[in-house]
Amino acid sequence: MLRRALGRRLSGASPWAVDAVITGVVQAAVTIPFVVPRPADLPPATWAMYGLTSLQVLPLLWRTRAPLASLLAITVAGFGYLIVDGPGQPLPYSPIVAIFTVAAQAGLWQRRATIVLGLPLVALGVALRENTAREHLFSLFLFSMVYALGVLARTRQAYTEAVEARAAELERARMVEAERAAERERARIAREMHDILSHAVSLMIVQAEAGPLVVRSDPDRAEAAFDAISGAGRDAMAQLRRMLGVLKDDPDAARSRRWRGSAPSWTRCGGRGWR
C-alpha cells in the first residue's frame, strides 16, 4: 500500500523535482569517500577531485529530458576523474542511474547506441583503473543488470499504460451501453404512456359523443356514459401515478424520465389535477 501510494505521488510529481531529488541523493552518496578518513599512504582528497566527482552527478538533472546526452556527459567526466586518480567509489552511482534511464525511457536508436558504445567504454574504464579479469566481469555484469532492469521498467510501464487504456475503453463502452439502455427505457415509458392516454382519451371521446344523443331519450344511459368518462379519466390518472411512482423509486428509471431535460407535455398541461 505504501509503495503504491509513493509510486502515485512520484508519478504525479514534476520531472524536474524527481531528477533534482535523485541528483541530490547520488551527490550525497559520492560525497562519502571525501568525508571519511583516508589511509596515510593515499594522496589526500582535494576540492578539485570533488569538483570532478560533482561533474559526474550534475548531468542527472537532465536525465529524463536528454537520457543519452546525460550519459555521455557523465562518461566524459568519469574518464577525467580516472585520470586524476581521485578517491574510489563503491559503485559508479551516476552511470548506473544514467544507464537505467536510457534503457527505461530513451528511444530505440539511443538504446542501441548505449549498448554499442557502452560495452567498449566500460572495458576501457576498467583497463585504466584496475585491469583485472575480476573487475572486467563485475563491470560487465553490473552494466548488463542495470540495463536489463531499465528494460523491465519500460516494459512494465508499457503494460500499465495498455491496461489503463483498455480500462478506459471499457468504461467508455459501458457508458455508451448505459446511454443506449436509458434511451430504450425512455422509449418504453413513452410507449406505455401513449397507450394509457390513447386508450383513456379514446374511451372518453366515444362516451362523450354518445352522451348528447341519449341525454334526453335515455337519461340513465347518459349518466352511465358520463360516469364512464369520469372512470376512464380516473383510471388513466391512477396508472400514470403508478408509473411515476415506479420512476421515483428507481433512480435509473427516474433519470430516464427526463426526456432530454424537458417534461412531457401532459405533465405541464393536465398534471395539476392529480398531483
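Keep in mind that what you see is a predicted model, and the values were worked out from it rather than measured.
In this structure, CG in Leu142 is found 6.5 Å from CG in Leu91, a value given to the nearest 0.5 Å. The structure places CD1 of Ile74 at 9.5 Å from CG of Leu58, a figure rounded to the nearest 0.5 Å. Atom CE of residue Met145 and atom CG of residue Leu140 lie 9.5 Å apart, to the nearest 0.5 angstrom. Leu137 CG to Thr132 OG1: the interatomic distance, rounded to the nearest 0.5 Å, is 8.5 Å. Rounded to the nearest 0.5 Å, atoms CZ (Phe79) and CG (Leu121) are 5.0 Å apart. Atom CG of Leu149 and atom CZ of Arg154 lie 12.5 Å apart (nearest 0.5 Å).
Side chains of Ile115 and Tyr147 form a contact here, defined as non-hydrogen atoms less than 4.5 Å apart. Contact check for Leu52 versus Met49: no side-chain heavy atoms found under the 4.5 Å cut-off. Looking at heavy atoms from C-beta onward, Tyr50 lies out of side-chain contact with Val30 at the 4.5 angstrom threshold.
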Next on the checklist: Assess the residue pair Glu177 and Arg184 against the criterion (salt bridge (charged side-chain N to carboxylate O under 4.0 Å, His left out)); give the C-alpha distance rounded to whole Å, side-chain angles, the decisive distance to 0.1 Å, and a yes or no.
Outcome noted: CA-CA 10 Å; Glu177 182 58 30; Arg184 292 192 294 268; 3.2 Å; yes
Next on the checklist: Under the criterion side-chain contact (heavy atoms from CB on, under 4.5 Å), I'd like the reasoning laid out for Leu60 against Val26: C-alpha separation, chi angles, the key distance, then a yes or no.
Outcome noted: CA-CA 9 Å; Leu60 292 177; Val26 174; 3.9 Å; yes
Item to check | Residue pair Glu169, Arg166: steps toward the salt bridge (charged side-chain N to carboxylate O under 4.0 Å, His left out) verdict | outcome: CA-CA 5 Å; Glu169 181 181 352; Arg166 177 60 177 167; 3.8 Å; yes
Checklist entry - After noting the C-alpha distance and the side-chain angles of Trp16 and Trp62, does the key distance pass the side-chain contact (heavy atoms from CB on, under 4.5 Å) rule? => result CA-CA 8 Å; Trp16 277 104; Trp62 294 271; 3.8 Å; yes
Item to check | Stepwise side-chain contact (heavy atoms from CB on, under 4.5 Å) check, Arg172 with Met175 | outcome: CA-CA 5 Å; Arg172 288 193 297 269; Met175 293 179 64; 5.6 Å; no
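Shown here is Arg112, whose CZ atom has no more than 12 heavy atoms of other residues, nucleotides or ligands within 6.0 Å.
For the pair Asp19 and Thr23, the tightest heavy-atom approach, listed with the atom from each and the gap, is O-OG1, 2.7 Å. Nearest heavy atom pair, residue Trp109 against residue Leu68, reads CZ3-CD2, 3.8 Å.
In terms of hydrophobic clustering, with Ile, Leu, Val, Met, Phe, Trp and Tyr side chains grouped at heavy-atom distances under 4.5 Å, Val21 and Val18 are assigned to different clusters. In terms of hydrophobic clustering, with Ile, Leu, Val, Met, Phe, Trp and Tyr side chains grouped at heavy-atom distances under 4.5 Å, Leu71 and Leu119 are assigned to a common cluster. With hydrophobic clusters built from ILVMFWY side chains whose heavy atoms lie under 4.5 angstrom apart, Val76 does not share a cluster with Leu61.
With hydrogens and angles ignored, the 3.5 Å screen pairs a side-chain donor or acceptor of Ser70 with a backbone N or O of Pro59. At least one donor-acceptor pair under 3.5 Å links the side chain of Ser94 to the backbone N or O of Gln56.
The pair Arg188-Glu185 counts as a salt bridge, with a side-chain nitrogen and a carboxylate oxygen less than 4.0 angstrom apart. The pair Arg180-Glu183 fails the salt-bridge criterion, with no side-chain N (NZ, NE, NH1 or NH2) lying under 4.0 Å from an Asp/Glu carboxylate O.
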Which donor-acceptor pairs under 3.5 Å do side chains of residues 97-107 form with protein atoms, sequence neighbours excluded?
{"unit_1": "Thr101", "atom_1": "OG1", "unit_2": "Arg63", "atom_2": "NH1", "d": "2.7"}
{"unit_1": "Thr101", "atom_1": "OG1", "unit_2": "Val97", "atom_2": "O", "d": "2.7"}

